[in-house]
Amino acid sequence: MTTQNTTSASSKADKPQQNHMSFGRWFAEVGWRHLVGVLALAFAAFPVLYVISASLNPVGTVASTSLIPTQVSFVHYETLLSGGKGPFVRWYANTLVVCAVVAAVQIFLSVLAAYAFSRFRFKGRRGGLLALLLIMMFPATLSMIAIYNMISDIGTIIPGIGLNTLTGYCLALMGGALGQVWLIKGTFDTIPKSLDEAAILDGCTHWQVFSKILLPSLKPILATTFLLAFVGIISEFLLGSIFLTDDSKKTLAVGLYGMLSGDRSNNLGLFAAGAVMTMIPVIALFQYLQKYIVGGATAGAVKG
């Protein structure tokens with residue numbers, strides 16, 4: 001009998017004691033975070049769902065649009081793709097070309113500048129970095145008049161890069177090409193300089209060190225900065241509305257706004273359908289680059 005009692009007591013002692021947390025304590029420590037996350041998700045998803053609902057609503061007016069569509073129709077998509085409200089397909093192609101070219105050039109120039117600031121020591125290096133940081137603090141709208149006058153004067157000499165041309169618009173957008181220098185430089189600083197020195201001792205030039213050793217290590221930050229630049233360019237409107245006036249030269253942001261401004265109430269469905277189709281390249285690019293985004297977004301913050 002004593003042996004059985006001892007065995008049962010020891011078996012009870014061997015079982016781990018389960019701590020049951022009360023709901024109030026769980027909510028105070030963990031639960032409120034879930035609630036905040038759900039509210040943030042609902043806040044972010046509401047405008048997206050409303051736009052999708054408006055694009056599927058065949059009436060396409062503000063009064064008839066709700067969060068959940070009562071009728072589903074693709075008439076607005078058909079109208080846009082058929083060119084019934086303007087050369088939408090041309091706007092789409094113009095936007096993709098401008099985004100790809102400007103984003104690629106911006107990242108390329110930013111990488112070159114970041115490499116120079118990170119790896120070389122020269123007179124004016126610190127002043128140049130501070131100047132870039134200072135310039136980034138001013139909004140781009142302050143320079144629009146100066147850029148407009150400059151491109152207008154250049155267009156009188158070289159019409160191919162003047163106003164109302166995609167080339168001139170791309171050149172104007174490339175004025176912010178060094179906006180990603182600080183982020184990329186921070187990633188460069190995390191790569192040991194011993195790799196550069198070892199490669200140079202083996203006979204590599206600076207360009208070979210840059211292109212064959214350092215660039216492969218920068219894939220995460222390059223993917224992140226390219227995505228940021230792409231999203232910023234595809235949503236750019238103010239500069240495009242000044243530069244691009246011909247329908248065949250407009251981008252999606254400029255063309256859709258011009259279509260909406262004619263009748264804001266009855267053109268809501270068409271504008272929403274255009275906005276949904278504008279999301280497609282951004283979402284596709286994000287899905288392709290998402291494996292790099294987390295690592296690339298945090299790598300540049302390790303060192304400044």
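Not measured: the values here are computed from a predicted model.
- The minimum heavy-atom distance between L289 and F226, with the atom names listed, is CD1-CD2, 4.5 Å.
- Between the H76 side chain and the L56 main chain, no donor and acceptor come within less than 3.5 Å of each other.
- Between F210 and W207, the ring planes lie tilted relative to each other; the angle falls in the 30° to 60° range.
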Please tabulate, one pair per line, all N/O donor-acceptor pairs under 3.5 Å involving side-chain atoms of residues 123-131, not counting sequence neighbours.
{"residue": "R125", "atom": "NE", "partner": "F117", "partner atom": "O", "Å": "2.6"}
{"residue": "R125", "atom": "NH2", "partner": "F117", "partner atom": "O", "Å": "3.0"}

Apply the test ring-ring contact (aromatic ring centres under 6.0 Å, His included) to residues F120 and Y115: give CA-CA distance (whole Å), side-chain angles for both, the deciding distance (0.1 Å), then the verdict.
CA-CA 8 Å; F120 301 131; Y115 173 72; 5.4 Å; yes

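- Minimum heavy-atom separation, A253 to I234: CB-O, 4.3 Å.
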I213 vs Q208, test: side-chain contact (heavy atoms from CB on, under 4.5 Å). Steps then yes/no.
CA-CA 7 Å; I213 297 177; Q208 290 174 332; over 6 Å; no

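- Between the Q180 side chain and the W182 main chain, no donor and acceptor come within less than 3.5 Å of each other.
- Closest approach of C170 to V98, counting heavy atoms only: SG-CG2, 3.9 Å.
- Atom CG of L173 is separated from atom SG of C99 by 8.5 Å, given to the nearest 0.5 angstrom.
- At least one side-chain heavy atom of L81 sits less than 4.5 Å from a side-chain heavy atom of M277.
- Closest non-hydrogen pair, A199 versus V209, comes out as CB-CG2, 3.7 Å.
- In this pair, Y169 and F243 present their aromatic rings tilted. The plane angle is within the 30 to 60° band.
- When only modelled atom types and interatomic distance are considered, Y257 and S241 share no side-chain donor-acceptor pair under 3.5 Å.
- Between the side chains of T251 and N94, no donor-acceptor pair of N or O atoms lies under 3.5 Å.
- Salt-bridge annotation for D247 and K250: present, with a side-chain N of the basic residue lying under 4.0 Å from a carboxylate O of the acidic one.
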